[in-house]
Enquirer: 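Here it is, the structure, as structure tokens.
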Amino acid sequence: MAFELPIEILSKVAEFLSPKDKSRCIAVCKSWYTPFNMALWNYTTIFNQKKLKAMCDINSIEGSTYQKNGQYVRHLYLDRHTDASSHQLRVLQQLFQNINRLDISYFHLRKAGFSQTEYSNPWKALSELEIYLDFSEENITRGFLDVLSDLSRLKRLVCSSHFQELDTWAVKFGPKDIDTLHTKLPRLTHLSLHTELRILSEKELETINNTIPAANITKLVVTCKVMDYRWLCYFARKYPKVETLRWNPNEEDENQRNKYNEAVLMFESLPYAFPRLKRLKISQGVENEQGYLVIWELLRPFGTHINHLSYKLAHSLDEVKVLSKILKSFTLLCFSTLETLCLRITSHSEKTSNLFDSFNCYPSLTDLKIQLYGTYVALDILLDRCAVPKRLKIQGGEMSGTLKDSVNVAPHGLRIIEFTNMKLDSATFQYISYRCRNLNYMKLDKICIYGGSAGKSNNLFIDMAHTHFKALILNRISFRLSYNYDGFKDSINLLVLSYPLEYFDPNISKPANIDISNKTQHTIKSIWIHLSWSYTYPWRWKQDFRILGKKDADQIHQFFYPFDFKPFSKVYGNNRQLPDDYLYQDHSTNFSVKSHLDNKIREDLCRGHTSLDFRQIDKYSIGIKANDTKYFRGDIKCLVLD
């Protein structure tokens with residue numbers, strides 16, 4: 001029975017539900033009330049003054065509600081633009097005493113009484129803090145460090161501030177400030193600095209070798225406007241156990257280019273440099289190649305073995321050329337350990353295929369992610385030159401793949417595919433299905449699929465007859481008959497998912513005794529889906545879907561029978577309007593039914609339908625809910641580990 005489920009399982013289930021569904025579950029029974037109520041109140045946001053005032057008024061309905069349920073709040077977000085008084089902030093502390101994560105500005109913390117000697121902090125369980133450092137005071141760095149004295153239990157700290165054109169009021173950290181930060185926060189394991197770092201002075205450079213390590217830090221994120229690469233020497237000494245490093249300099253000072261060699265010499269004198277580093281993410285805005293290659297010159301002498309690498313380059317560079325040099329340098333360092341590679345290519349380049357030559361150098365590579373911008377990718381070339389990965393994720397650009405010679409095509413071990421914001425030829429899916437026989441998971445998000453019609457009709461046929469999907473996600477996907485299209489006016493809005501009810505041997509090229517293209521065969525299972533588009537916000541389209549029942553599905557299936565012989569344009573002209581009496585007509589000796597279809601489906605009938613055929617499907621998701629992949633996360637992990 002449902003009421004006998006343990007509270008741990010119910011709490012886990014609640015993580016995947018919307019607030020509306022959680023509210024419904026609360027009313028099911030007493031045993032469900034606590035876990036789903038805790039999940040409903042887990043996260044609270046305050047974006048405006050009106051909500052803050054109502055929340056702090058204990059005589060109001062909203063105030064009394066938060067008094068009752070504030071104990072369940074674990075994550076509190078207070079917008080930095082909200083003008084909160086000291087009294088209101090103290091009320092929030094009393095309402096939400098059990099929070100473990102807080103998003104707030106520095107001045108809100110100071111107003112709440114932090115750093116005052118007589119202050120008693122009620123947020124004893126607070127372990128994560130994301131704080132915005134305003135730049136309206138010159139001594140804010142010192143004031144912020146004083147506030148941390150009351151937050152010694154923190155394990156995760158994220159500091160953010162806006163970069164200023166003038167350096168007068170910008171928040172800047174030096175090595176001494178970071179040392180003080182760790183003295184006040186001895187339990188810190190995750191540090192993110194989205195602030196400015198000072199240019200290191202000669203005196204500070206002399207003291208780097210005497211830096212006291214912060215042994216608990218395992219993740220470090222540094223985002224700054226202008227980067228002095230000698231800071232890497234300080235971080236290497238300060239964080240010997242860091243496993244994840246994100247390095248995001250936005251610009252490059254001309255004076256810093258002369259310090260590359262100095263940074264290399266400083267690294268050579270270090271006894272170690274990030275010995276436990278496993279994940280490295282670099283997003284740089286520098287405008288010269290040396291700025292990207294220097295980090296590999298720094299790490300090469302220490303033989304750092306990186307498992308996960310992510311790279312994003314500046315727009316003005318020849319990205320393919322620079323990335324090729326980066327991968328070549330990286331190959332010399334840790335070619336045998338790389339498991340995940342993520343590259344962002346923002347330029348329009350016809351030499352992208354040259355970049356794929358480097359992928360075969362990594363025998364342990366299982367996860368490949370490529371973000372493109374208006375770039376064409378030949379899938380057959382990509383799979384030929386990158387035969388190891390089990391997971392492929394591509395975002396942006398266009399892609400095609402054609403099965404020209406089925407005899408000489410080498411099988412590929414790809415298990416997971418994710419395509420986002422792309423144009424794809426329908427023949428690409430046939431190529432994927434034939435070559436990647438182990439494919440089990442596919443996610444298509446904001447995808448336009450185009451291709452020629454099947455036979456003489458306006459129907460689009462996508463053949464994936466060799467694929468058994470354990471999970472299929474379709475979100476904001478559109479189907480066209482041609483490459484060029486005018487918005488969603490010519491989209492095909494009827495989709496049918498078809499697969500045989502009987503299994504066949506996946507190792508043979510064709511199903512035995514099953515003709516998957518024959519929809520009249522009794523062994524074929526068909527799921528008819530109607531897609532529709534609506535214009536919501538400026539420049540934004542929303543896709544809705546409806547799975548049709550058996551009665552509607554059978555009627556639509558019979559509707560397309562006469563069009564197997566004549567295209568739509570010849571039957572009713574180019575206006576493609578459906579006569580009101582069409583479904584009442586006797587189109588064949590065995591077909592005479594009355595219509596129960598709604599108007600939207602009737603309007604879309606003359607556009608044809610898309611048939612997506614595959615071997616088997618276990619579960620699928622269509623529509624906006626497909627953005628939430630938590631439901632499939634366990635499946636993805638198992639597929640990668642197989």
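The structure presented is a predicted model; accordingly, all values stated were derived computationally and were not measured.
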Enquirer: Answer yes or no: are there more than 12 heavy-atom neighbours, outside K281 itself, under 6.0 Å from its atom NZ?
Expert: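 No, not enclosed.
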
Enquirer: Using only atom types and a distance under 3.5 Å, with no angle test, would you say the side chain of D57 pairs donor to acceptor with the backbone of A54?
Expert: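 Side chain of D57 to backbone of A54: no pair is present.
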
Enquirer: Looking at every heavy atom in both A273 and T304, which two are closest together, and how far apart are they?
Expert: O-OG1, 3.6 Å

Enquirer: Under the 3.5 angstrom rule, does the side chain of N69 hit a backbone N or O of T65 as a donor-acceptor pair?
Expert: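 Here the side-chain-to-backbone pair exists.
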
Enquirer: If you compare all heavy atoms of L181 against all heavy atoms of L191, which two are closest, and at what distance to 0.1 Å?
Expert: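 For L181 versus L191, the nearest heavy atoms are CD2-CD1, 4.3 Å.
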
Enquirer: Taking the side chain as everything from C-beta on, heavy atoms only, tell me whether F36 gets closer than 4.5 Å to L17.
Expert: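 Yes. Closest side-chain heavy atoms under 4.5 Å.
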
Enquirer: Just verifying a value: how many Å separate I306 CD1 and L341 CG, rounded to the nearest 0.5 Å?
Expert: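 CG of L341 is found 11.5 Å from CD1 of I306.
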
Enquirer: Any idea which heavy atoms bring Y272 and R237 closest together, and the distance?
Expert: OH-O, 3.5 Å

Enquirer: Is L102 close to L78 at the side-chain level, that is, under 4.5 Å between some pair of heavy atoms?
Expert: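 No; the side chains remain at least 4.5 Å from each other.
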
Enquirer: Test your reading of the model: is there a side-chain donor-acceptor pair from Q395 to the backbone of N421, 3.5 Å cut-off?
Expert: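 Judged by distance alone, no pair lies under 3.5 Å.
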
Enquirer: Using only heavy-atom distances, determine whether the side chains of S192 and H190 contain a donor-acceptor pair under 3.5 Å.
Expert: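 Distance-only check passes for S192 and H190.
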
Enquirer: So which of V158, L245, L193, N248 actually passes side-chain contact (heavy atoms from CB on, under 4.5 Å) with V221?
Expert: N248

Enquirer: Can you tell me if N216 uses its side chain to pair, donor with acceptor, with the backbone of P186 under 3.5 Å?
Expert: yes

Enquirer: Are F235 and F274 an aromatic pair by the rule of ring centers under 6.0 Å?
Expert: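 Ring-ring flag for F235/F274: false, centres at least 6.0 Å apart.
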
Enquirer: State, with a plain yes or no, whether a side-chain heavy atom of K53 is found less than 4.5 Å away from one of K50.
Expert: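 K53 vs K50: side chains apart.
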
Enquirer: If I take atom SG from residue C233 and atom CD1 from residue I208, how far apart are they, to the nearest 0.5 angstrom?
Expert: 6.0 Å

Enquirer: Indicate yes or no: at least one non-hydrogen side-chain atom of L92 is less than 4.5 angstrom from one of L52.
Expert: yes

Enquirer: What verdict does the side chain to side chain contact (heavy atoms under 4.5 Å, CB included) test give for Y441 and I473, after you've listed the backbone C-alpha separation in whole Å, the side-chain angles of each residue and the deciding distance to 0.1 Å?
Expert: CA-CA 8 Å; Y441 174 96; I473 297 180; 3.5 Å; yes

Enquirer: Show the nearest heavy-atom pair for residues D445 and R476, with the distance to one decimal.
Expert: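 In terms of heavy atoms, the two residues are closest at OD1-NH2, 3.3 Å.
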
Enquirer: If you look at every heavy atom in P240 and A214, which pair is closest and at what distance?
Expert: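 So the two residues come closest at CD-O, 4.4 Å.
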
Enquirer: Rounded to the nearest 0.5 Å, what separation is found between the SG atom of C342 and the CD1 atom of I282?
Expert: 12.5 Å

Enquirer: Is there a side-chain contact between I416 and K443 in this structure, where contact means two heavy atoms from C-beta onward sitting under 4.5 Å apart?
Expert: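 Not touching, per the 4.5 Å side-chain cut-off.
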
Enquirer: Apply side chain to side chain contact (heavy atoms under 4.5 Å, CB included) to the pair I547 and I529, showing each step before the final yes or no.
Expert: CA-CA 4 Å; I547 299 177; I529 301 164; 4.2 Å; yes

Enquirer: Who are the salt bridge (charged side-chain N to carboxylate O under 4.0 Å, His left out) partners of R101, not counting sequence neighbours?
Expert: D103, E130

Enquirer: Determine the minimum heavy-atom distance between A215 and K241, stating which atoms define it.
Expert: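 Closest heavy-atom pair between A215 and K241: O-CD, 3.1 Å.
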
Enquirer: For the pair W123 (side chain) and F96 (backbone), establish whether a donor and an acceptor sit closer than 3.5 Å, ignoring hydrogens and angles.
Expert: yes

Enquirer: Kindly write out the residues that satisfy salt bridge (charged side-chain N to carboxylate O under 4.0 Å, His left out) with R546, not counting sequence neighbours, or none if the list is empty.
Expert: D598

Enquirer: Before giving the answer on ring-ring contact (aromatic ring centres under 6.0 Å, His included), spell out for F47 and Y77 the whole-Å C-alpha distance, their side-chain angles and the decisive distance to 0.1 Å.
Expert: CA-CA 8 Å; F47 283 104; Y77 175 88; 5.3 Å; yes

Enquirer: Just verifying a value: how many Å separate S60 OG and Q67 CD, rounded to the nearest 0.5 Å?
Expert: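 Between S60 OG and Q67 CD, I get 9.0 Å after rounding to 0.5 Å.
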
Enquirer: Under a 3.5 Å distance rule, please check whether S127 uses its side chain to pair with a backbone N or O of N100 as donor and acceptor.
Expert: yes

Enquirer: We want to know whether S18 and D21 form a side-chain donor-acceptor pair, criterion being a heavy-atom distance below 3.5 angstrom.
Expert: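 Yes.
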
Enquirer: Ignoring hydrogens and geometry, is there a side-chain-to-backbone donor-acceptor pair from K238 to I212 under 3.5 Å?
Expert: yes

Enquirer: Once rounded to the nearest 0.5 Å, what's the spacing between atom OG1 of T189 and atom CZ of R156?
Expert: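 These two atoms lie 9.5 Å from each other.
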
Enquirer: Is any side-chain heavy atom of E202 closer than 4.5 Å to a side-chain heavy atom of L205?
Expert: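 A side-chain contact under 4.5 Å exists here.
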
Enquirer: How many angstroms lie between atom CG of D79 and atom CD of Q49, to the nearest 0.5 angstrom?
Expert: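 D79 CG to Q49 CD: 11.0 Å, rounded to 0.5 Å.
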
Enquirer: If you define the side chain from C-beta out and look only at heavy atoms, does anything of W231 sit under 4.5 Å from V222?
Expert: no

Enquirer: Side chains of Y239 and H182: do they bring a donor and an acceptor to under 3.5 Å?
Expert: yes

Enquirer: When T340 is tested against each of R279, R391, H308 for side-chain hydrogen bond (donor to acceptor under 3.5 Å, both in side chains), which residue passes?
Expert: H308

Enquirer: Is it the case that atom NZ in K184 sees more than 12 heavy atoms from other parts of the structure closer than 6.0 Å?
Expert: yes

Enquirer: With side chain to side chain donor-acceptor pair (under 3.5 Å) as the criterion, how do S160 and H194 come out once you've worked through the C-alpha distance, each side chain's angles and the decisive distance to 0.1 Å?
Expert: CA-CA 5 Å; S160 303; H194 305 285; 4.9 Å; no

Enquirer: Is there a donor-acceptor contact under 3.5 Å from the side chain of S491 to the main chain of S478?
Expert: no

Enquirer: According to the interplanar angle, ranging from 0 to 90°, do the rings of W41 and Y66 count as parallel (below 30°), tilted (30 to 60°) or perpendicular (above 60°)?
Expert: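 Taking Y66 first and then W41, their aromatic rings stand perpendicular (interplane angle over 60°).
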
Enquirer: Please assess L472 against L444 for the test side chain to side chain contact (heavy atoms under 4.5 Å, CB included), listing each intermediate value before the final yes or no.
Expert: CA-CA 8 Å; L472 174 65; L444 305 178; 5.6 Å; no

Enquirer: Do Y620 and I527 pass the side chain to side chain contact (heavy atoms under 4.5 Å, CB included) test, and can you show the C-alpha distance, the side-chain angles, and the key distance before you say yes or no?
Expert: CA-CA 11 Å; Y620 62 92; I527 304 171; 3.6 Å; yes

Enquirer: Examine distances only and state if a side-chain atom of T207 and a backbone atom of N210 form a donor-acceptor pair shorter than 3.5 Å.
Expert: no

Enquirer: Would you check if the side chain of S161 reaches a backbone N or O of T195 as a donor-acceptor pair within less than 3.5 Å?
Expert: no

Enquirer: Are the side chains of L232 and W247 in contact, using a 4.5 Å heavy-atom criterion?
Expert: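 Yes. Closest side-chain heavy atoms under 4.5 Å.
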
